[in-house]
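Written below as structure tokens is the structure these notes are about.
Every number for a ligand or one of its atoms is a count from 1 in the order of the listing. Side chains included, hydrogens not; waters and symmetry mates left out as well; all remaining heavy atoms used.
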Amino acid sequence: VVAAASSSSPAVTTAEAGEVPATMKAWAYDDYGDGSVLKLNDAAAVPDIADDQVLVRVAAAALNPVDAKRRAGKFKATDSPLPTVPGYDVAGVVVKAGRKVKGLKEGDEVYGNISEKALEGPKQSGSLAEYTAVEEKLLALKPKSLGFAQAAGLPLAVETAHEGLERAGFSAGKSILILGGAGGVGSLAIQVNQPDTHHHCISIHQLNLHLTFTWPERTSRTLQLAKHVYGASKVAATASTPKLELLKSLGADVAIDYTKENFEDLPDKYDVVLDAVGQGEKAVKVVKEGGSVVVLTGAVVPPGFRFVVTSDGSVLEKLNPYLESGKVKPLVDPKGPFAFSQVVEAFSYLETGRATGKVVISPI
Ligand code: NDP
């Protein structure tokens, strides 16, 4: 899919209006390893689309820890064949639609997580490229209120937060502890649990973030996600000292500084614990009897359980009104967005494990 075009192919690298070139720029690796395996290919083949897919002209992409773990070869056994163009999260414009595509057309601005199963045969031709082919069902129209860079940071993380809460059976009145509240998944999990109905305006100067949050009214309960949003009796989350204020601004009632306190030694117990750090053994110590511990990474100790996210455009569609109104806000790490030429640097920043919200690549 990403092989260089043969020399007989027309050397087209930019599209004229309405035209899709034969080749594109794409980051790719043909061996597993550290960041040095990533190479920018100036003449990768633009992927073909299947009947149920659209071709997206990528405007922005975001990195997830799975991109780095996959590149390191951690999921070799179930990965698609090399060479790989990495990238799950995309925001961009539809430039071509397959025969069976019903709801999307050329010119639509879309976003989504392009691989239905994150670890089972994820796409060989990912989103860190000028074009990517995606099943219609994995995409949603991009909220008009969001730029491509903001939208690109949402899909995999918010789908994970949503699916985790669903699987935990989260519902009105329950309490939750989110381990890793300042990361991509945690920052969204806090927001979708936000129990407060007040409107807040917050600037977080320390992190050089300027965000305005407004929270959903209790009346709009049609959205499945909203059931979870409004009902939480208490949201607690962990982070290091400089990020505690961010946790609060995202809606956490309790911000636990993991550099000063062990959450497992505190008296509070929770109905649900969402572990986005890999602290499964400690997580089970703070769950109430009969509660749920959802583990995204690392050790799983009963009653904890792990799942792997499934991409689903309908989850994004359900979230869109909340994004349109600014009730749920994507959090783009202020070190970014990274330029397309800076993908190696973006990976290495992600791999520090210190990112605040999402590591975004934009423009592409
Ligand atoms: P991020 O890279 O966005 O997480 C970075 C954040 O983690 C930082 O803000 C950091 O805050 C925080 N952090 C690091 N160590 C700790 C700690 N000991 N306690 C509290 N916070 C900590 O990751 P994601 O949110 O995108 O993903 C989290 C994990 O979940 C990853 O391992 C990922 O692979 C996995 N995952 C699994 C999925 C699945 O389907 N099973 C889906 C999505 C993600 P600070 O600087 O304050 O330490």
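Between the CG atom of L104 and the CD atom of E136 there is a distance of 4.5 Å, given to the nearest 0.5 Å.
Around ligand 1, the residues contributing at least one heavy atom under 4.0 Å from the ligand are P65, K69, L156, T160, G180, A182, G183, G184, V185, T238, A239, S240, K243, Y258, A276, V277, Q279, L296, T297, F307, V308, V309, G353, R354, A355, G357.
Between the side chains of R70 and S80, at least one donor N or O lies within less than 3.5 Å of an accepting N or O. Side chains of S233 and K174: no donor on one and acceptor on the other come within 3.5 Å.
The shortest side-chain heavy-atom distance between N64 and D89 falls under the 4.5 Å cut-off.
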* Step-by-step side-chain contact (heavy atoms from CB on, under 4.5 Å) determination, L331 to T356 -> CA-CA 8 Å; L331 184 59; T356 303; 4.3 Å; yes
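Applying the side chain to side chain donor-acceptor pair (under 3.5 Å) test to residues at least two apart or on different chains, the pairs with a partner in residues 51-60 are D51-R99, Q53-E135.
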